[in-house]
Amino acid sequence: MPDESRSVGSAVTLGRQASLLTRFTASQAAALLAAIDAIRRVSTLRHMVTPGGWTMSVAMTNCGEAGWVTDRSGYRYDAIDPQTGQAWPAMPTVFSALAAGAAAAAGFAGFAPDVCLINQYRPGARLSLHQDRDERDFSNPIVSVSLGLPAIFLWGGQQRADRPTRIPLMHGDVAVWGGVDRLTFHGVHPLAEGVHPLTGAIRYNLTFRKAR
């Protein structure tokens, strides 16, 4: 099983146009976590409710030109944080530079994300299999950064019923997928108990997208 002794920046193939860059951003973790803290002080983490009435186990917030939100009226991107009535915090340069660099390393040069979803997992939190399809077009990749506790990434297929592969995600890993793999179903297995020296009993995920 992969662990944090894996070489920095080595690529694990997930699909034809999908890869996992191991420990790609481990050296930037302190700066990324400081940026997360600054964002969450303005737009706090919250457990959103899906259109079906289910409260998400993952707490989340956003930064950038818009934020991904879900409530009884549906899934969408909105320029305004519904809790504050103000624009979402601007995306930090350390975020956008990381996303562009990881995308380029995975074969997607020129990626310029306009939104970042910040997800906080505590033990037991999970993300069911889903596609990222609320963006205006699917020509840009998804860049997903793992910080803190390890997790099991569920990498499926083009149909929800396709059996997913279980991929260990460690602190600093970055998954990138686009092109023919852009609409692959994916999720996160319930987070196991643990303590990470930088985040405690928490895992953060940063998901960068071009939404508009």
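We number each residue from 1, following the sequence as shown. Bear in mind that the values here come from a model prediction, so they are computed numbers and not experimental data.
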Asker: Please report the shortest heavy-atom distance between M170 and D173, naming the atom on each side.
Answerer: N-OD2, 2.8 Å

Asker: Would you give the length of the straight line joining atom CD of Q17 to atom CH2 of W177, rounded to the nearest 0.5 angstrom?
Answerer: 14.0 Å

Asker: Taking all non-hydrogen atoms of both residues into account, name the closest pair between P123 and A201 and its distance.
Answerer: CD-O, 3.3 Å

Asker: Cluster question for you: counting only ILVMFWY and a side-chain heavy-atom cut-off of under 4.5 Å, with indirect links fine, are F24 and L33 together?
Answerer: yes

Asker: Sequence neighbours left out, what pairs pass side-chain hydrogen bond (donor to acceptor under 3.5 Å, both in side chains) with at least one residue falling in residues 55-70?
Answerer: W68-D134

Asker: Any chance you could measure L45, atom CG, to M60, atom CE, to the nearest 0.5 Å?
Answerer: 9.0 Å

Asker: Within this structure, what is the OG1-CD distance for the pair T184 and Q159, rounded to the nearest 0.5 Å?
Answerer: 11.0 Å

Asker: To the closest 0.5 Å, what do you measure between CG (L32) and CD1 (I118)?
Answerer: 10.0 Å

Asker: Looking only at non-hydrogen atoms, find the nearest pair between A79 and W88 and report the distance.
Answerer: O-CD1, 3.4 Å

Asker: Looking at every non-hydrogen atom in both residues, tell me the closest pair between H196 and L149 and how far apart they are.
Answerer: N-CD2, 3.7 Å

Asker: What's the separation between atom OG in S146 and atom OH in Y204, rounded to the nearest 0.5 Å?
Answerer: 14.0 Å

Asker: With under 30° as parallel and over 60° as perpendicular, where do the rings of F95 and F208 fit, or are they tilted in between?
Answerer: perpendicular

Asker: Between R76 and G74 (side chain of the first, backbone of the second, donor and acceptor by atom type, cut-off under 3.5 Å), is there such a pair?
Answerer: yes

Asker: With a 3.5 Å distance limit and no angle check, can you tell me whether D114 reaches the backbone of R212 through a side-chain donor-acceptor pair?
Answerer: yes

Asker: At their closest point, which heavy atom of V180 faces which heavy atom of Q158, and how far apart are they?
Answerer: O-NE2, 3.9 Å

Asker: Where do R72 and G53 come nearest, in terms of heavy atoms and distance?
Answerer: NE-CA, 3.3 Å

Asker: Nearest 0.5 Å please: distance from the CG atom of L147 over to the CG atom of L198.
Answerer: 8.5 Å

